[in-house]
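For ligands, and for the atoms within them, numbers begin at 1 and follow the listed sequence. No experiment lies behind these values; they were computed from the predicted model shown.
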Amino acid sequence: MAMEVRCPSCGMVYSSIIPPLCSCGQRLEIAYEYEEIDVSKWGRRKPGVWRYSELLPSVRERITLYEGGTPLIKSKLGEELGLALYLKDETRNPTGSFRDRLATVAVSYALPYAENGFVIASNGNGAAALAAYASKAGREAYVVVPKLIESGKLAQIVALGAKVIRYGQTVDEGIGYAEGLAEGKDLYNVTPESNIIGLEGQKTIAFELWEELRPTHVVVPTGSGSNIYSIYKGFLELKRIGLLDEIPKLIAVQAEKCSPIASEVLGVEPRAEPTKALALYVKSPLMKELAVEAITESGGTAVLVGEDELDLGQKLLAREGIFAEYASSVVVPAIMELAEERYFEKDDTIAVVITSSGLKGQYSESREKFAIGGTKLEILRMLKEKTMYGYEIWEALERPMKYQAVYQHLRELESMGLIEEAKRKGRRVYYTLTQRGLNLLESLHK
Ligand SMILES: [Zn+2]
């Protein structure tokens, strides 16, 4: 049975592409017969996106690489912070990101409409996912990716055989281009801002979290906003079926440098500058309204994370055995900040979505400078014992180094919020560990 979406306002029917808004301006929604859904069947099926077929569009053929069903891992950091914190490891999907959930549903659904192939505008993860699933289906994939894209993602997309079009500085600029390409070449467009069918796949994160954890809070790295909205829709459907009373509070994490969604929630001035967390570099997300709705309607909040905290996040996730990209690692400093603010209650159960693998990233030696290791760690250890000033630290270091280099380390540690000025005596500035620095040191040595 083919799915049909009818505009509740003007009655227009959509069967191939389902845009977020009808041409009359009404929001379109993919809905199901919620009263008839028997979720007891789910437990008898294998884990994965298609386990929830009653709440997915019907398809003639499933194009699957066994996506979804990703592990939920109890976090060590959570234990140290006194939180029931779980990591939903989406890096374990076939192409290493949550977008495989979108691709399996969109590609399977659209096979009858995609004789000439598929197109997506993406800043990398969606493009890699489409490349893999279109390939599996034996169809062409065109991907419109921005000029700023991590080399790992590009390599993956090219290896999977997609035709790559580099367009615009950020992914939002490519959306219109992909729409043009879809029309000109008669391609099926799976870009979530142009076609909401793939969000049906992404929402299965909510179903898995509900089955395994029943979280009170879900923390989601947020760029375009499509993932947090999808997860919200998933929980909303569970509520409609009567499986839960209250939707978990959804917490969006964005980079301080690019914060269109979080700033709206927090009521601060938005920024739209390039961030190292490239997958979060979406300047004016079309799904902003939906994402903000997901956050506010669920009673959640948003957190902004500074550039200097990205390496810290990656390092702490690595300690859990997970290598995540910067855009996913933002959740760690966000959790630390919320814990410091005592945002969580004692009985809260928190899931954080680790959206994408670090293997897709860019590796450069400059990254090591910021890593918490070597000299920085040694400085933190010294400052744990007593407050010290720069010259004193320089003298006490095991490995001789340039005097100025010590000040560079101190500046970086300070901007990461790990140390702060304790006092001044004449020209001497004495440093001490912040609570965050202390937490970090303790967590690295457990
Ligand atoms: Zn309409």
(request) Indicate, with yes or no, if the rings of Trp42 and Tyr52 have centres closer together than 6.0 Å. (result)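 So the answer is yes for these two rings.
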(message) Considering the Zn ion (ligand 1), could you give the total of protein N/O/S atoms lying closer than 2.8 Å?
(response)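 Excluding waters, the total comes to 4.
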(request) Write down the atom of Ala103, the atom of Leu130, and the distance for their closest heavy-atom approach. (result)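 In this case the closest contact between Ala103 and Leu130 is CB-N, 4.2 Å.
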(request) Could you tell me whether Glu208 and Arg51 make a salt bridge, using a distance below 4.0 angstrom between a side-chain N and a carboxylate O? (result)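 Result for this pair is no, no salt bridge flagged.
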(request) Could you tell me whether Glu237 and Lys233 make a salt bridge, using a distance below 4.0 angstrom between a side-chain N and a carboxylate O? (result)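 Lys233 and Glu237: salt-bridged.
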For residues 6-26, please give each side-chain donor-acceptor pair under 3.5 Å, one per line with the distance, not counting sequence neighbours.
unit_1 : atom_1 : unit_2 : atom_2 : d
Arg6   : NH2    : Glu4   : OE2    : 3.1
Tyr14  : OH     : Ser23  : N      : 3.1

(request) Evaluate the ring planes of Tyr113 and Tyr109, with Trp represented by its six-membered ring, and classify them as parallel (under 30°), tilted (30 to 60°) or perpendicular (over 60°). (result)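 Judged by the thresholds at 30° and 60°, the geometry between Tyr113 and Tyr109 is tilted.
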